[in-house]
Amino acid sequence: MRCEHPPGSGDACVTAILDVRDLTKVYGDTTALDNVTLSVEEGALFGLLGPNGSGKTTMIKSLTGQVRPSGGSATVLGRDVVADPVGVRSQVGIIPEQETPPSFLTSEEYLHLVGAIRKIPDIEEQMTWWFEYLEFGEKRDVLCKDLSRGTRQKLMFAQAFLHRPVLALIDEPLINFDPIMQEKVKDFLADYVKKGNTIFISTHILEIAEEICSGFAVLHKGKLLSTGRVADVTEGGMHLGDYFLSLVRAGGHV
Amino acid sequence: MFELFLAMMKEEWRVHSTMFGSLSFALYPVLIFAIACMGSFLIPLIRPLLPFGDLALVTHALFLLLGLMVGAFGLLINEVMERRFGQASTLAYAARTLPLSERVIFLNFVVKDTVYYFVLWVLPFVAGFALAAPFAGIPLATPALLLLTLSLSFLTGLSMAFFLSMVYARSKVLLAAVSVLLAGAIFTAHLGGVSLFLPLTLFRAFSPVTLAAACAVVLILAALSIALLRPEAAARAKHHREMLVPLARRLSPLPYPALAAKDCIDLLRSGSAVGQTLFSFLIPLGVIWFCLSLLDPFLPASGILLLFAALTGVVASTMYIWLTMFDSFGPYACLPLGVADVMKSKVCSFAVLQLLPAAFIALVAVCAGEAAHLLPALVLCLSVSFYGLAVTVYLTGLSPNVLLYDPRVLVLYLLALGAPLVALIVLSFMNPWYATASVVLVGVGWWVVQKGFVKWEGREVVGY
C-alpha cells in the first residue's frame, strides 16, 4: 500500500486505503477515465464529484472490479482490483447507482442471500437492525420488483453494510431518499467514519458533499481536475459548489 | 396514434438490435428465408415419409406457438429489460407519462407486434418457401395461401396470449374456467371431426366463410383483451413468505445452495416453472413426438424412443435459458462473486432441473412399452442435455436468451450439437445399447463447460 497524501492536503503521510495510479478507461471512442491518480486515506469520508457523464460511475466500477481499466492500476485495501476483484468485493460494501436487487426475492430473502454469500453469522440481528433503522420492516416480505425506488435504495444500503465493511463505495448515496431519510443516512455515514471506517461516495449534489465529506476530488470528462480537503476550500468562505463550478468551467471550457 | 405506432416499431427494433447487435439481428430474417428455402427444396424427398398435410399441420402449429411466445414475451418485456439493462422502461408502460389511455397504448402495441413479427418471421418464411415452390412441384398459388394462413396462425397465437394474460390479470379462477372451456371445446370439436384451428382448415380448403371465421377469432380475442385490460392491476404489491432459507437448507449439498435456492424462487414466482415446463418443454416435445411417430414405420426397433430421448436432451439443455432469463450479473456485482461462480451455481440448478426430463423419458419409455431400453434412453437424454448445456455456457455465458438469437452463435451452437447428435442417433439405431456411448459427451461437456467458465470470467460483464 502506498503512503502518499493527496496534492494540496498538506498532510504528512497517512495510510492510503484506496490508491489509484494513472487509471484510464476507454469505451470505444469515449475516454471515461483519463490518467486519473487519486489516493484516499483511511477514515475519510471522500466525495468524488463531477457532472453527469464525468466518469464517476466508471471510477467506482473500476475500483470494484466491475470494469477492467484500459491502463494504470488501482488497489483497494491493498488488493489489486484487476487481479483480485472478488477479494476486493469481499472486503468492501458497494451501493450501485442503479439499484438492482433481484426481482423475485423479497427484501428479507435478498438480505438472507447476501448474508449467505458473505457468510455473516449474525445475519438475523443485522437484518432486524437495518429494517428498523431505515424504517422499511413492513416491506420485508414484498418482492424487490414491487418496491419503490426509495425502498430499493434502503435495501441496497442495508446489503452494503450488513458485513460492517471497513470501506464502502457508494454511487449517489442519497438520490432516492426523502429529506428525513437523507438526514438519517448522513448521520449514519458520519458516525461510521468516526469509528475508523472509510466511505467513498460519488455525487453531483455538492451541498451534501460539502456537508459530510472530509476529502474530495473533482472529475470532469474523465480527467481529475482537483483533489484536496473540503475544509481547505470552505475555510476561506467559499462554497464547494462555487469552487466546483469554477473548476469545471475552466477545466472543461464550459 | 400513428406516431406512437412508429415509435413502438423503432423501440422494438432497438431492443432487439441492442440485445443482438444491429447486423446480427438484421440477418435474422435472411436466416429464416434461407432455412425455409432449403427446407422447401427437400419437400419432394421427405414427402414419402411426411405427407404434405402433416407438414402443413406442423408449420401452422409452429407459427401458432410463435404467436403465443411473442405475446407472452411482449407482456414481460419490461421485466426482462430491467433485469438485463438495469432500470428500463418501454412505451407500452408509458401511460402515466403520455396523454394516452392504457387501451390506446395497448392497441398500438398489438398492431406493432402484428406488423413487426409479420415482417420478421412470416414474410421471410413464406418468401423462402415461394422461391423453392416451383422446383418442388408445388402450385404457385400455395405460397400466397400460406402467407395468409400462417399470418392468421401467428395472429391467433398472439391474440390468444394477450387474451389469456388479461383473463389471468382479472382472476386465476376465471383463467382456469376459460382454459377448461377452451380445452372442452377443442376436444368436443375433435370428436365431431371438426378442427377449431381455422387457419389450417383454411389452408386445406380455402373458403370465404372459413376466412371470415378465422379473422373473427383473431379480432374477437384482441377486442376482448383490450376490453379486459385493467391498468391498475399492475400496481398491487403482494406479500410472500420467506422461502430462501428453508430452500437453501434443502439444497445444502450443492456448492452454492443460496444461489440455487434463488433460482428456484425465480422460477416459481416468475411463473416460469409452470409456463416454461408447458411451453418450452412439454408442448415442443409433444410436437416432436407427433412428428417422430410419422417416421415410426421407417425406424428400427426402439429407434423412435432413442431418437426422442436424444431430442428431449436437446430441449432439456435449454433449461439453462430458464435459469438465466430473469437474471443478470447486476445483482451479484456488489457481492464477492465472480461471473464463473454465478455460472457454476446455474449449472448446479440445471442439474436439479434434469429430474424433469429424466422422469419424462422414464414415463414415455414405460407408456411406449419400451421399459427394457429405459437405461440407454436415459443416459442418451441426460448426456446430450449436459453436453448441450456445456456448449450453451461456452458460447453464451450468462446470456443464452440473448446470444442464441445471434445467427453466428446459433450456427456454432447447431454445428457443435448437431455432429455428435447425428453420430449417436446412428449408433443407437444400430443397437439401442450403443446409446450408452453418449457418456463420452459428459466428459467432453465437462471440459467445454470449464473452458466456458474461464472464458466468461475473463470478459467484462456489464453489471450495474
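We use all heavy atoms of the structure for the numbers below, so side chains are in, but hydrogens, waters and symmetry mates are not. Sequence lines set the chain letters: A, B, ... in the order given, protein chains first and strands last, and positions in each chain run from 1.
By the neighbour-count criterion of 12 heavy atoms within 6.0 Å, atom CG of B:Leu355 is densely surrounded, having more than that number from other residues, nucleotides or ligands. Within 6.0 Å of OH in B:Tyr394 there are 12 or fewer heavy atoms belonging to other residues, nucleotides or ligands. Heavy-atom contacts from other residues, nucleotides or ligands closer than 6.0 Å to NZ of A:Lys223 number 12 or fewer. Annotation for A:Lys139: atom NZ does not count as buried by contact number, only 12 or fewer foreign heavy atoms lying within 6.0 Å. Surrounding CH2 of B:Trp446 are at most 12 heavy atoms belonging to other residues, nucleotides or ligands under 6.0 Å away.
The CZ atom of A:Arg140 sits 13.0 Å away from atom NE2 of B:His239, with the distance rounded to the nearest 0.5 Å. Rounding to the nearest 0.5 Å gives a distance of 7.5 Å between CD1 of B:Ile265 and OG1 of A:Thr106. Interatomic distance, OH of B:Tyr332 versus CZ of A:Arg89, reported as 13.0 Å (0.5 Å rounding). The distance from atom CG of B:Leu244 to atom CD of A:Glu108, rounded to the nearest 0.5 Å, is 9.5 Å. For the atom pair B:Leu247 CG and A:His112 NE2, the distance stands at 13.0 Å (nearest 0.5 Å). Atoms CZ and CG, from B:Arg241 and A:Asp141 in turn, are 12.0 Å apart once rounded to the nearest 0.5 Å.
Neither the backbone nor the side chain of A:Gln91 comes within contact range of chain B; no heavy atoms are under 4.5 Å apart.
Looking at every heavy atom in both residues, A:Tyr110 comes nearest to B:Cys334 through OH-SG, 4.2 Å. Considering all non-hydrogen atoms of both residues, B:Ala258 and A:Leu113 come closest at O-CD1, 3.6 Å.
Between chain A and the options B:Leu268, B:Leu259, B:Asp341, B:Leu337, the largest number of non-hydrogen pairs under 4.5 Å is found for B:Leu337.
Test B:Arg269, B:Lys262, B:His240 against A:Phe104 for side chain to side chain contact (heavy atoms under 4.5 Å, CB included) and you get one pass: B:Arg269.
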